[in-house]
Amino acid sequence: MTWSVTARGAHQPDNTAFTQQRLPAWQPLLSASIALPLFFCAGLAFIGLGLGLYYTSNGIKELEYDYTGNSGTSNCSVSCQCAWYFSLPELFQGPVFLYYELSNFYQNYRRYVVSRDDAQLSGLQSALRQPINECAPYQYSAGGLPIAPCGAIANSLFNDSFSLWHQRSAGGPYVEVPLDRTGIAWWSDYHVKFRNPPLVNGSLALAFQGTAPPPNWPRPVYELSSDPNNTGFINQDFVVWMRTAALPTFRKLYARIRQGNYTAGLPRGAYRVNITYNYPVTAFGGHKRIIFSSISWMGGKNPFLGIAYLVVGSLCILTGFVMLVVYIRYQDQNDDDDDEE
Amino acid sequence: QGYEDWLRHNSDNEVNGAPVYVVRSGGLVKTRSKNIRVGDIVRIAKDEIFPADLVLLSSDRLDGSCHVTTASLDGETNLKTHVAVPETAVLQTVANLDSLIAVIECQQPEADLYRFMGRMIITQQMEEIVRPLGPESLLLRGARLKNTKEIFGVAVYTGMETKMALNYKSKSQKRSAVEKSMNTFLIIYLIILISEAIISTILKYTWQAEEKWDEPWYNQKTEHQRNSSKILRFISDFLAFLVLYNFIIPISLYVTVEMQKFLGSFFIGWDLDLHHEESDQKALVNTSDLNEELGQVEYVFTDKTGTLTENEMQFRECSINGVKYQEINGRLVPEGPTPDSSEGNLSYLGSLSHLNNLSHLTTSSSFRTSPEYETELIKEHGLFFKAVSLCHTVQISNVQTDGIGDGPWQSNLTPSHLEYYASSPDEKALVEAAARIGIVFIGSSEETMEVKTLGKLERYKLLHILEFDSDRRRMSVIVQAPSGEKFLFAKGAESSILPRCIGGEIEKTRIHVDEFALKGLRTLCIACRQFTPKEYEAIDRRLFEARTALQRREEKLADVFQFIEKDLILLGATAVEDRLQDKVRETIEALRMAGIKVWVLTGDKHETAVSVSLSCGHFHRTMNILELINQKSDSGCAEQLRQLARRITEDHVIQHGLVVDGPSLSLALREHEKLFMDVCRSCSAVLCCRMAPLQKAKVIRLIKISPEKPITLAVGDGANDVSMIQEAHVGIGIMGKEGRQAARNSDYAIARFKFLSRLLLVHGHFYYIRIATLVQYFFYKNVCFITPQFLYQFYCLFSQQTLYDSVYLTLYNICFTSLPILIHSLLEQHVDPHVLQSKPALYRDISKNRHLSIKTFLYWTTLGFSHAFTFFFGSYFLLGNDISLLGNGQMFGNWTFGTLVFTVMVITVTVKMALETHYWTWINHLVTWGSIIFYFVFSLFYGGILWPFSGSQNMYFVFIQLLSSGSAWFGIILMVVTCLFLDIVKKVLGRQLHPTSTEKAQLTETNSGIKCLDSMCCFSEGEAACASVGRMLERVIGRCSPAHISRSWSASDPFCTNDRSVLTLSTMDSSTC
């Protein structure tokens, strides 16, 4: 900035554009004549965009099923294996993504959000032994051992599991549809932010020695999966869960279907989803859903954006017309004034 | 501010560390000025600055006098003579001084520069001599020694006790109307904050009454949390909400406002149009806090002398013993009842060669006067001019005067090489006039005054000076003529002299004085008194007693003066012309058109004041002039007031003018304040004459506390205006001839009255608009900022979860949104300055704090809330049933949601600022688009690394993921446009349907731009030239479509509601464009 005030010999102020407040400037005026074409252009553009977005969103298919199963409305009940049967009359255009949805689950509760130790999750040894206090009451186990991974988020890891079976022809056998459980977490989370602690003697189990699993977990963290690239802190289900959702009803990506015969989507036929039901939600009035959804470049199915664009666009054009009317009328009036003078 | 402090600190160090010589233990010791203690004898050499308040002991001159200039204290550039008491004046060496034993008693330190009382008790040869000390022996710290080789003085006040330091006391804080409304808004926001927190807390507990929400299985509390008491939890929850929402209070607003005021005030000093070339003085800003107040002025109170007028006195006429004389070409011409005779005189005089003046005068006066009267006239006449040339405190500039004594006096009556310096220009004018006429004041030393009368040197012994003060309104000298007679010459306002006269042509002179006053001349009466030796002795004694008194000296002196200045014989009166400053009429006219009421407050006589008022356009010929003068009694005053009030309602004249004089005013103020104020308010011009300084301040205070609480501004140049300058909301000092006292005590100082219109109409307008937008915008952007947080609580069980990351919370006000508004508030010019100046009516658009009214405030706040709702719910619906927004089906989390809201917010808020900006310089472009770019770059960087020392890595890759989503981009664009859509519609429609005159002015400006372009942008820089071409192109493009409508608007432009002002306007228009 050029605000250095230097002492001058004479008291004559500097004659520069800046000091005299005469910096060259563009002085736009929001007059009707400029705004009118602007409104029309913007309106048209928005309507065009809105139509595009709306049809894109409409092209996305979604299939959802509530399997919470309270009061016998469905065939699922607490702590069991259950199944959901559905049939597709036509091809479910791929790639298809499998989500689970929880409602009334406040992952955005402040005490819940902070209840994690990012240092521990990045594989830091010291944090592994001494989780931060925010993790309490899931900081140390009853036996006094540090919990790994500590905190309420990790403790409440979603532990239902799904498998999808396809019956190609009526009465035929069900074939398992391969679910791709990789690539469901953010690349940066999976590859950078979440790291296992350094292996001890090539064993992850030993690295976690001296820690306790979260109280609700039946298994320690290093047994989440048999795949060494998907176990411990870098288990993708775990990583997905650790990204706390913004709203009390939220979806998490469970798997992608893109292998074998299902690259193009789910072909028509009957399907069965086997659900291993573990996660209790009735206590807080929550619901669990399972959702198949295809995805466009703009994400999942949401007509809002398209509709909003259409609304704003037509509003623009409408106001444009209103203003045009006002503009012409007042122009006449002004002309009349001129005549009177 | 820190920078200012640092500069101050540096200069402090410099002053404190300056080397000085102090007499200690018989020798000179060099020390630092901060080490001077009271009682130290200090040696000061020529052109050095006094480091402390010193009592002069001796100088290198025999009489112990020295000259100083106090330019840095009060701006008076004349040399002042200070004298030492005779007993110490002889002690001119260090050794002598060391032997001095004396005690100085003086009063407690006080701030008045011109008051000092003390006495020195000198012990000499076992006897004590008491000598009075007055201001004439006190050398003030900060003054500079001139014309004297060296002096010795004893320090009496040092450090913070010096008069200079006492005067640096920060003046009473003046708060501007903007600040007041800012505080109101702040309280409203505090209420919003607290109510939001209370609502949240209450909702939290109703929501969480059920255990399944309070403590679901997945989110258990710790033992400690469970066991804490309910009340404590409640309070801590409330406090947590307060903390969460506290950003709604724009704390950074105060910092930004301070910065804006400080930096913005430079523009006043920098303005070439406020720079007076003849005196090379630029406008000074003493208080930058009041910049915007300049745009709010409703009443202007102006002094007359030196403010409206040049204060450059020209001797014009005089009345001697009831005969009027006019000065024409250095000669006095009697002004007879018949103008023809004076014409005749003139031609006759013109033919006269350079005769000496007295004979010339006698001859000329002999035209009408009888011979037997003639001799007496000469005598009285001589006495008159002697009085004029003796009764003053004028000094001769330099030793040059030496040669004059023997100079070729007869041939040239006007000594060009004699230069007089006087603190009052009246005196200077009179002494110069006397010199032209033939009685030349040659110089004064301590005790004598030398006057050359027609080449004959006469030496008068100066016995006493009874100094001028504004209460007595006269001064006098007591001199001893060469013949041994002792005379008192008095000079002063006619009201203070005439009642004390017992002889002379009192009645005639009074008539003459009134005539002079009618012509707008300043009058002074001259009188004399001869003392008998006995009388003189009594006076001398009483004077001495009064002057040496330690207690209540001033009262005693006043008593003595009263006693001395009586039984005077009137000699005559002088009339001095004071020229009006240039463009006074236009300025007053412009101010009036801007809706500002102009009051002239002057100490002058009623007639003089009215005539000046008329000549400067303050009063119009068409105005109905009401008078409230010469009221002696309470009831009469009230009656008169009631009558005036009636006249105002009855007479259907457009404008009224009111003349009040001091005594009537004080009566009116005492009992009938309300009535008087009613009358005043319905008058468009008020003239108060014969005002004492304190009365001026009282009038202003009265207006200030009247129900409407108008903003007042006082302009003045002299010490007598200081009280009014300090009383008014905004005090403006004119750096004139009567010293710099007013300028020092003012908030702004300008060189000429005509600059006032630019200061108010252009700078005031700009500052007001700027700061108003600044304040409103700050509240707006903080509402935008924090309301989504509040809304989010509804979706997170009121758990105080923040929507934004803590770094974003902190940086929002500091980095992302601060610069555009700061730059806007420094550079914005919604209308071209020339247009502002030529159309003063635009000033009305911002009067009464219009841009900070509750209505506009509510508009901005509602705008803020609606924008916040759009951000939040737009993002909320964009997420829908929490669907994926990414092409790869992955999910966002709460931090991405917050970042989405935040991104929309930063862009919207910045673009909103851009919409408000009308004057886009490259700096505006830089900071506006730079802010948005900076936000993106910063977020990419911030989210791009795992921060090693930070506990949580919530933001890691969040922003990058957000930007990789197409839907998010579309959502951002949509939300920004939606937010600004309504605002734009409102702006456009408002401009179309009910354009304010400011908006019309913007249009006309665009329209007539090309014409003005060449004249406005005639600076030589190449870049500017390019830009002006660019601007022109812009305008041409802009004109294509709107040409029709804007032309029609400019033609029917009703800027001036009253027809008379249109006339003046058109002339001004032509001069500016």
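Predicted model only: the values in this text are computed from it and were never measured. Each chain gets a letter, A, B and so on, in the order its sequence line appears, and its residues count up from 1.
- Contact count versus chain A (heavy atoms, under 4.5 Å) is highest, among B:Leu272, B:Leu885, B:Thr921, B:Val988, for B:Leu272.
- Proximity to chain B (any heavy atom under 4.5 Å) is restricted, for A:Ser296, to the backbone atoms N, CA, C and O.
- Counting heavy-atom pairs under 4.5 Å between each of B:Thr978, B:Val985, B:Ile960 and chain A puts B:Val985 at the top.
- In this structure, the portion of A:Ile184 lying under 4.5 Å from any heavy atom of chain B is its backbone and not its side chain.
- Considering every non-hydrogen atom in both B:Ser967 and A:Gly299, the closest pair reads OG-N, 4.4 Å.
- Using a 4.5 Å cut-off between heavy atoms, A:Pro37 makes no contact with chain B at all.
- Here CG of B:Asn219 is found 4.5 Å from CZ of A:Arg111. Values are rounded to the nearest 0.5 Å.
- For chain B, the option among A:Met298, A:Lys301, A:Arg251 with the highest count of heavy-atom pairs below 4.5 Å is A:Arg251.
- Ring pair A:Phe284/B:Tyr218: centre-to-centre distance below 6.0 Å.
- For the options A:Leu49, A:Asn155, A:Leu38, heavy-atom pairs under 4.5 Å to chain B are most numerous at A:Leu49.
- Residues A:Ala308 and B:Leu974 share a closest heavy-atom pair of CB-CD2, 3.4 Å.
- Scanning all heavy atoms of the two residues, the minimum distance from A:Gln20 to B:Asp273 falls at OE1-N, 4.4 Å.
- Only the side chain of B:Thr896 comes within contact range of chain A, judged by heavy atoms closer than 4.5 Å.
- Taken from NZ in A:Lys193 to CD in B:Gln953, the straight-line distance is 7.0 Å, to the nearest 0.5 Å.
- Of the inter-residue distances, the one linking A:Leu247 atom CG with B:Leu879 atom CG reads 6.0 Å to the nearest 0.5 angstrom.
- Ring-centre distance between A:Phe18 and B:Phe267: below the 6.0 Å cut-off.
- Both the backbone and the side chain of B:Val958 come within less than 4.5 Å of a heavy atom in chain A.
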Practice task
Apply side chain to side chain contact (heavy atoms under 4.5 Å, CB included) to the pair A:Tyr106 and B:Ser799, showing each step before the final yes or no.
Solution key: CA-CA 10 Å; A:Tyr106 285 88; B:Ser799 61; over 6 Å; no
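- Interface remark: of the candidates B:Gly966, B:Pro216, B:Cys796, B:Cys796 forms the most heavy-atom pairs closer than 4.5 Å to chain A.
- When every heavy atom of B:Phe981 is checked against every heavy atom of A:Cys316, the shortest pair comes out as CE1-SG, 3.6 Å.
- Interface remark: B:Asn954 contributes backbone and side-chain atoms alike to the contact with chain A (heavy atom separation under 4.5 Å).
- With B:Thr222 contributing its side chain and A:Ala136 its backbone, the two residues share no donor-acceptor pair below 3.5 Å.
- Put simply, the side chain of A:Arg243 never gets that close to the backbone of B:Phe892: no donor and acceptor are under 3.5 Å apart.
- Residues A:Ile295 and B:Gly889 approach most closely at CD1-CA, 4.0 Å, considering heavy atoms.
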Exercise for the section: Evaluate the side chain to side chain contact (heavy atoms under 4.5 Å, CB included) criterion for residues B:Leu946 and A:Val192: first the C-alpha distance (whole Å), next the side-chain angles of each, then the deciding distance (0.1 Å), finally the verdict. Expected result: CA-CA 9 Å; B:Leu946 283 171; A:Val192 185; 3.7 Å; yes
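- Within the 4.5 angstrom heavy-atom criterion, no atom of B:His276 approaches chain A.
- If you measure heavy-atom distances from A:Asp117 to chain B, you find no contacts under 4.5 Å at all.
- Within the 4.5 angstrom heavy-atom criterion, only side-chain atoms of A:Tyr138, from C-beta onward, approach chain B.
- Partners of A:Thr249 according to the side chain to side chain contact (heavy atoms under 4.5 Å, CB included) rule, which considers only residues two or more places apart in sequence or in another chain, are A:Glu101, A:Ser103.
- The most heavy-atom pairs under 4.5 Å with chain B, out of A:Pro248, A:Ser122, A:Pro303, A:Ser188, come from A:Ser188.
- With a threshold of 4.5 angstrom between heavy atoms, A:Ala42 does not approach chain B through any atom at all.
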Practice task
Decide side chain to side chain contact (heavy atoms under 4.5 Å, CB included) for B:Ser884 and A:Phe97; before the verdict, give the C-alpha distance in whole Å, the side-chain angles of both, and the deciding distance to 0.1 Å.
Solution key: CA-CA 10 Å; B:Ser884 168; A:Phe97 290 73; over 6 Å; no
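- Taking the six-membered ring for Trp and the full ring otherwise, the centers of A:Tyr279 and B:Trp217 sit less than 6.0 Å from each other.
- Of the possible polar contacts, none joining the B:Gln890 side chain to the A:Val240 backbone as a donor-acceptor pair under 3.5 Å is found.
- For B:Leu827, the part sitting under 4.5 Å from any heavy atom of chain A is the side chain, from C-beta outward, and nothing else.
- Within the 4.5 Å cutoff, the side chain of B:Tyr956 has no heavy atoms near those of the A:Asp118 side chain.
- Options A:Glu134, A:Gln107, A:Arg110 differ in how many heavy-atom pairs under 4.5 Å they form with chain B, and the most are formed by A:Arg110.
- Annotation: the span from B:Asn894 atom CG to A:Tyr109 atom OH amounts to 15.0 Å, rounded to 0.5 Å.
- Rounding to the nearest 0.5 Å gives a distance of 11.0 Å between CZ of A:Phe304 and CZ of B:Phe873.
- Your options are A:Gly285, A:Pro137, A:Ser294, A:Ala245, and the one with the most heavy-atom pairs under 4.5 Å with chain B is A:Pro137.
- Only the side chain of A:Glu62 comes within contact range of chain B, judged by heavy atoms closer than 4.5 Å.
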Practice task
Determine, step by step, whether B:His763 and A:Gln21 satisfy the side chain to side chain contact (heavy atoms under 4.5 Å, CB included) criterion, reporting the C-alpha distance in whole Å, the side-chain angles of both residues, the deciding distance to 0.1 Å, and the verdict.
Solution key: CA-CA 10 Å; B:His763 286 284; A:Gln21 307 199 51; 3.6 Å; yes
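- Using a 4.5 Å cut-off between heavy atoms, A:Leu53 contacts chain B through its side chain alone, with no backbone atom that close.
- The minimum heavy-atom distance linking B:Met891 with A:Leu253 is given by the pair CG-N, 4.0 Å.
- Here OG of A:Ser156 is found 10.5 Å from CD of B:Gln220. Values are rounded to the nearest 0.5 Å.
- Between the side chain of A:Tyr309 and the backbone N or O of B:Phe970 there is at least one donor-acceptor pair closer than 3.5 Å.
- Of the possible polar contacts, none joining the B:Tyr795 side chain to the A:Asn108 backbone as a donor-acceptor pair under 3.5 Å is found.
- With a 4.5 angstrom heavy-atom cutoff, A:Leu315 touches chain B via backbone and side-chain atoms both.
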